[in-house]
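First the proteins, then the strands, lettered A, B, ... as listed; each starts at 1.
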Amino acid sequence: MWIQTRIELRPRPRGFHLVTDEIVAGVPDLQSMSVGIATVFMQHTSASLTLNENASPDVRRDFAAWFDRAVPDGADYFSHQLEGPDDMPAHIKASLTGSSLVLPVSRGRLTLGTWQGIYLCEHRNDGGSRSVVVTAVGE
Amino acid sequence: MWIQTRIELRPRPRGFHLVTDEIVAGVPDLQSMSVGIATVFMQHTSASLTLNENASPDVRRDFAAWFDRAVPDGADYFSHQLEGPDDMPAHIKASLTGSSLVLPVSRGRLTLGTWQGIYLCEHRNDGGSRSVVVTAVGE
Amino acid sequence: MWIQTRIELRPRPRGFHLVTDEIVAGVPDLQSMSVGIATVFMQHTSASLTLNENASPDVRRDFAAWFDRAVPDGADYFSHQLEGPDDMPAHIKASLTGSSLVLPVSRGRLTLGTWQGIYLCEHRNDGGSRSVVVTAVGE
């Protein structure tokens, strides 16, 4: 059994955003899969996906605080500055967090831990909507 | 052919730990798979998984040295401090290294390179036991 | 339908290199897969794989600039120095970017976004050729 669908995530401000419910709602057929693997793939190079704590919004704000310090906007050692001071840092942050998630499926559900949620990591100031492709295989 | 099993990794001190043997021992049925893909998934947000050198313990100690400097305990720009100074850094380190591994399977074995081993990355001072889910598909 | 093949990437200088065409050329059978998942796996611990911008070479140079600052060669807190000042940083950079890619397949092609390309991240000064294993499953 194969599932493949594209989900458009609406534009978000720069930062880390919990999108588990949107992803799950986008693949209702997953409910009929007893065992499988689901992949979630970001089709952009300045936004990314990660799993992290689904409870406190503080955690998501602190993610932004750390990443913005670790990869500073407009650093003088960046030569790729044409698209704005947030562009090159966005590419690096995207590769640090990663473009895809690989999630086990069991009894019709993503087998996430209690505290795990899917983060959309929006690294641009004005990134617009973002396309993700969910592909799942199972039985 | 599908394999899905949960493996409980016993509590480890904060740091990077080689767990390849435990993971392999937890999925004996992999030996009957001639070609496939195995995923290893961490169900926590303050511990993670990565592949790296399986030989010198120095490498694992240096991982801790670098990550502890890059994401300092109790940094003043973190607002999420309630669960201790090692909590918010643990979340960030988990997303930098990643929650899952995707490994090729060939002739009944994980097709790791000669020097590759699976690291449990324990980012909390007292993280307790950790659940990972191994899901494999193949023929 | 299963595909599994090893691709040898020729030696590259330290830095970030676009290898999408080589990877795609190495798995011609992917063209007959209507839906699937392809994984690309690096069998080394001092080189890695990531997805990022496939257009401007500036971006790849700036990746090197950032990573070389974030994980400095020969830092005094590294104890693993026997294999040279670029060795331990290479291991850490490899885990920051990751050893595998998971890519959706649709109508015989990798479903990459318009600007996405596959980077070989060569972290050693003299890393030599690098083996990657591509495994794909689909129908």
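- Highest contact tally toward chain A, considering only C:N54, C:T114, C:L101, C:L51, is held by C:L51 [criterion: heavy-atom pairs under 4.5 Å].
- Both the backbone and the side chain of A:Y77 come within contact range of chain C, each with at least one heavy atom under 4.5 Å from a heavy atom of that chain.
- Taking a 6.0 Å sphere around CD of A:Q81, one finds it holds more than 12 heavy atoms contributed by other residues, nucleotides or ligands.
- Looking at C:Y119, neither its backbone nor its side chain comes within 4.5 Å of chain A, counting heavy atoms on both sides.
- The residue among C:V105, C:L96, C:I37 with the most heavy atom pairs within less than 4.5 Å of chain A is C:I37.
- No donor-acceptor distance shorter than 3.5 angstrom exists from the side chain of A:S95 to the backbone of A:I92, with no hydrogens or angles considered.
- Your options are C:G98, C:G138, C:A70, C:S56, and the one with the most heavy-atom pairs under 4.5 Å with chain A is C:G138.
- Interface check for chain A: of the options C:T97, C:L103, C:T111, the most heavy-atom pairs under 4.5 Å are formed by C:T111.
- The salt bridge (charged side-chain N to carboxylate O under 4.0 Å, His left out) test with A:E122 singles out one residue from A:R12, A:R130, A:R60, A:R10, and that residue is A:R130.
- Ranked by heavy-atom pairs shorter than 4.5 Å toward chain C, the options A:D87, A:T135, A:V102 are led by A:T135.
- C:C121 places none of its side-chain heavy atoms less than 4.5 Å from the side chain of C:K93.
- Only the side chain of A:S100 comes within contact range of chain C, with at least one heavy atom under 4.5 Å from a heavy atom of that chain.
- Aromatic ring pairs are classed by plane angle as parallel below 30°, tilted from 30° to 60° and perpendicular above 60°; the pair C:F63 and C:F16 is tilted.
- Contacts between A:V71 and chain C at a heavy-atom distance below 4.5 Å involve backbone atoms as well as side-chain atoms.
- The candidate with the highest count of non-hydrogen atom pairs below 4.5 Å against chain A, out of C:D62, C:V137, C:D58, is C:D62.
- Aromatic ring pairs are classed by plane angle as parallel below 30°, tilted from 30° to 60° and perpendicular above 60°; the pair C:H80 and C:H91 is tilted.
- Side chains of C:D68 and C:R14 form a contact here, defined as non-hydrogen atoms less than 4.5 Å apart.
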